[in-house]
Amino acid sequence: MAQHTTSLRLRLRYRFDHLLSGGTTTLIGWLALACLAVVVPASAVLVWSDRAAPATLSGRLTAMWVSVGQTLKIGGAVGSPLYVLASVSLALVALLFVSTLVSLITTGINRRIMSLRRGHSTVVETRHTVVLGWSDQVFPVIGELVAANANQRRSAIAVLAPQDKVWMEEEISTRVGDTGRTRIICRNGSTTDPAELCRVSPRTARAVLVLPPTGDTGDAHVVKALLALDAAVHGSGEAEAEPQTEAVVVAAVRDSRNHLTARLAAGPAGHVLCVDDIVARLLVSTARQPGLSLVYSELLDFDGDEFYPVTPGDLVGRTFGEALLSFDTSSAVGLLHDGGRVTLNPDPGATIGPADRIIVISRDDDTAVRADAAAHVEDDAIVTAAPLTARAERLLLLGWNRRAPLVIEQLDQYVGPGTTLDVVALGVQAATGGARGVTAARSRLEVSFHDGDITDPLTLAKLDVPSYDGVIVIGETEPEAPDAPLASLAPVTDPQARADDRTLVTLLHLRAIGDTARRNIALTTEMSDDGNRLLAPAQDGADFIVSGRLISLLMTQISESPYLAAVFEELFDAEGHEFHLKPATDYVRAGHEVSFATAVEAARRRGECAVGYRLRARSTTGPDYGVRINPDKRRRVRFGEEDWLIVLAES
């Protein structure tokens with residue numbers, strides 16, 4: 001019985017589907033019959049059950065016709081046959097007209113709704129920020145832009161990517177959270193098509209950020225996006241009729257070999273960051289100065305202290321050395337000259353000109369208030385340390401990727417003569433032909449290559465890791481051997497995610513080695529995803545260079561303050577000035593409570609800018625892990641033998 005019911009239902013459904021496929025005329029005919037089959041009997045019931053209905057049959061049939069006509073909107077007029085026919089004809093024409101009009105309006109509205117849903121409409125904004133491309137970097141970029149715009153009454157961020165508009169909005173809402181007063185506008189389109197680029201109105205934007213896509217071909221995509229942006233902004237026709245603003249263009253490429261090409265595509269006003277160069281530079285600096293990654297994270301995050309240019313006021317004509325002690329709650333680090341040229345850590349005797357602005361590290365642009373801190377300097381607490389002599393070190397590099405040769409080259413510029421570097425990675429002997437050429441021209445660093453799987457605990461156990469002065473772990477992007485320990489795990493298609501997975505396993509084994517030896521391994525780790533950093537089995541306060549987040553922070557900082565491009569270029573240049581963590585006891589007396597102004601004066605006498613300190617006792621305690629950037633110069637602190645002063649000095 002159940003099978004018969006099911007078969008009958010299937011047959012009825014088949015008949016219904018067959019009727020629907022019969023065309024418009026057939027559908028109208030069957031719909032009319034279906035309506036009559038319901039309306040006529042119902043009208044008859046209404047008339048015959050009505051006590052006030054006519055007594056005669058003809059009268060009741062007439063009343064039933066009126067009910068049917070009113071229900072079906074064909075009038076239901078009563079009179080001669082010709083009159084009734086004309087009335088029905090007019091009613092049908094009116095019904096057809098109204099139905100067609102409603103259909104056209106509905107179709108137009110649906111088309112508009114679908115266009116909005118697909119993200120194909122044009123953004124009508126001015127002075128907004130445009131983000132081109134979609135990757136994991138889009139979330140920290142938007143988060144930082146929201147933080148930067150927190151004190152603005154109205155701001156907007158327009159995102160263009162070849163993704164579904166609704167999906168992008170949901171992802172941003174989930175990953176970024178509350179955006180406050182900043183509106184997030186997502187549009188679907190290709191970032192390399194000038195016509196589709198116009199959907200986010202780059203001509204009227206104040207800043208355009210071009211994110212590097214994931215993968216080895218991402219740099220080519222960035223170059224094409226920059227060329228398309230130039231065509232969209234400076235194209236002919238409509239572009240000439242619209243008001244334009246000179247937007248700040250910031251982009252990033254991964255491979256240093258593509259840096260020059262991208263800079264040419266960006267034009268003279270564009271700023272292009274090279275991920276490989278910056279990450280390699282920070283890996284080397286942090287490996288030799290543990291805690292340095294925390295300093296840069298604090299300075300690049302909009303939630304902390306940042307760089308600001310301030311007018312010199314009454315400091316015009318005075319020296320930069322005097323400016324160092326002219327702000328209680330801000331730290332002077334350089335000069336911004338007329339034309340955009342930047343000088344970091346200028347000579348203390350350099351004169352401040354009327355067109356110059358002082359670059360300070362401050363909580364906000366309105367907290368850089370003039371206040372003489374020279375009175376808080378305690379001359380008897382200042383010490384003069386002998387220059388440090390570079391010593392030979394033993395360093396270990398675990399893993400190999402495109403940035404590894406740059407790391408080796410950077411190391412050779414910093415280490416003392418006789419320093420050795422052991423490189424351990426899968427297939428490193430075959431992959432280091434170019435690296436051998438690089439290291440052969442160097443005189444300070446002796447490099448040895450060893451094949452081995454850094455995720456294998458037996459490989460790490462043979463290295464005596466605790467005996468090294470510093471260990472650098474970088475992500476391996478090359479495919480590993482089939483019998484590698486990770487081969488049994490679920491496959492990961494993203495090479496960067498795969499590299500982070502291998503790094504996490506390596507860190508897990510290194511932590512076990514450190515616990516067994518009861519020693520803290522001086523460890524600097526490179527990762528791609530900031531989410532993986534939170535999973536890392538490492539000591540609290542350990543140094544992580546998260547390339548995706550780092551570049552996102554740099555891009556947003558430059559988009560908000562274009563002069564910072566010159567600041568960062570010098571900070572990450574091997575020939576420029578950079579931040580250092582130096583023993584505090586080389587500047588002030590150990591064990592004595594002194595004002596921070598005293599440390600600033602001690603650094604000034606050595607041609608350096610002191611901007612903070614790190615306390616060893618709090619180096620594993622969050623959230624600052626002992627790092628204090630831009631403390632009040634009146635603040636008193638007691639430095640121990642293992643505490644550090646954070647200074648801006650020559651490399």
Side-chain angles (χ1 to χ4, degrees), residues 289-292 294-299 301 303-308 310 315 318-334 344-346 348 358-385 541 577-619 621 623-649:
Q289 302 176 80
L292 193 60
L294 302 173
V295 175
Y296 279 101
S297 295
E298 172 70 16
L299 289 174
D301 195 325
D303 288 335
D305 292 80
E306 308 156 40
F307 296 97
Y308 292 100
V310 298
L315 291 175
R318 299 171 68 177
T319 65
F320 179 76
E322 295 177 88
L324 292 173
L325 292 170
S326 297
F327 302 90
D328 274 346
T329 57
S330 301
S331 301
V333 294
L344 290 182
N345 187 33
I358 303 173
I359 302 175
V360 300
I361 296 174
S362 188
R363 172 61 57 178
D364 209 339
D365 53 358
D366 57 359
T367 58
V369 180
R370 284 274 288 106
D372 192 0
H376 301 285
V377 174
E378 304 160 41
D379 286 313
D380 58 345
I382 298 176
V383 300
T384 303
H577 292 76
E578 64 176 329
F579 289 105
H580 298 264
L581 277 82
K582 297 187 177 182
T585 53
D586 287 353
Y587 297 81
V588 296
R589 295 170 60 186
H592 291 72
E593 193 176 76
V594 298
S595 66
F596 185 68
T598 303
V600 173
E601 173 60 20
R604 184 195 68 81
R605 296 180 183 182
R606 299 174 62 167
E608 302 170 350
C609 301
V611 300
Y613 53 81
R614 189 186 191 194
L615 302 178
R616 174 76 176 185
R618 293 182 50 82
S619 61
T621 304
D624 57 4
Y625 301 104
V627 173
R628 184 68 174 87
I629 297 294
N630 186 38
D632 193 318
K633 293 181 177 57
R634 297 165 294 185
R635 183 188 182 110
R636 302 188 68 79
V637 60
R638 189 187 305 273
F639 291 112
E641 294 288 344
E642 295 184 325
D643 295 332
W644 300 274
L645 199 65
I646 303 171
V647 299
L648 180 64

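Heavy atoms only: backbone and side chains are in, while hydrogens, waters and symmetry mates are out.
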Atom of Ile646, atom of Leu581 and distance for their closest heavy-atom approach: CG1-CG, 4.3 Å

Arg638 versus Asp643, closest heavy-atom pair with distance: O-OD2, 4.0 Å

Closest non-hydrogen atom pair, Tyr587 against Ala602: O-CB, 3.5 Å

Student check: side-chain heavy atoms of Trp644 and Pro290 closer than 4.5 Å: no

Expected output: side-chain Arg370 to main-chain Ser326 donor-acceptor under 3.5 Å: yes

Donor-acceptor pair, side chain of Thr329 and main chain of Thr367, under 3.5 angstrom: yes

Test side chain to side chain contact (heavy atoms under 4.5 Å, CB included) applied to Glu378 and Arg636, step by step: CA-CA 11 Å; Glu378 304 160 41; Arg636 302 188 68 79; 2.8 Å; yes

Full working for side chain to side chain contact (heavy atoms under 4.5 Å, CB included) between Phe596 and Leu645: CA-CA 10 Å; Phe596 185 68; Leu645 199 65; 4.0 Å; yes

Residues Phe307, Val333; criterion side chain to side chain contact (heavy atoms under 4.5 Å, CB included); working and verdict: CA-CA 9 Å; Phe307 296 97; Val333 294; 4.0 Å; yes

Glu601 side-chain N/O to Ala374 backbone N/O, donor-acceptor pair under 3.5 Å: no

Exercise: identify the closest heavy-atom pair between Ala381 and Thr598: CB-CG2, 4.2 Å

Side chain to side chain contact (heavy atoms under 4.5 Å, CB included) between Val637 and Arg628, intermediate numbers included: CA-CA 11 Å; Val637 60; Arg628 184 68 174 87; over 6 Å; no

Test item: Asp305 side-chain N/O and Glu298 main-chain N/O as donor-acceptor pair under 3.5 Å: no

Distance in Å, Phe639 CZ paired with Asp586 CG, rounded so as to fall on 0.5 Å steps: 12.0 Å

Any donor-acceptor pair under 3.5 Å from Asn630 side chain to Val611 backbone: no

Under 3.5 Å donor-acceptor, Arg604 side chain and Gly321 backbone: no

Taking every non-hydrogen atom, the tightest pair across Val647 and Ala610: CG1-CA, 4.0 Å

Heavy-atom closest contact (Leu324 atom, Ala332 atom, distance): CD2-O, 3.3 Å

Close side-chain approach of Val383 to Thr585, heavy-atom, < 4.5 Å: no

Passing option when Glu642 is tested against Arg618, Arg616, Arg614 for salt bridge (charged side-chain N to carboxylate O under 4.0 Å, His left out): Arg616

Under 3.5 Å: donor-acceptor pair, side chain of Lys633, backbone of Ser330: yes

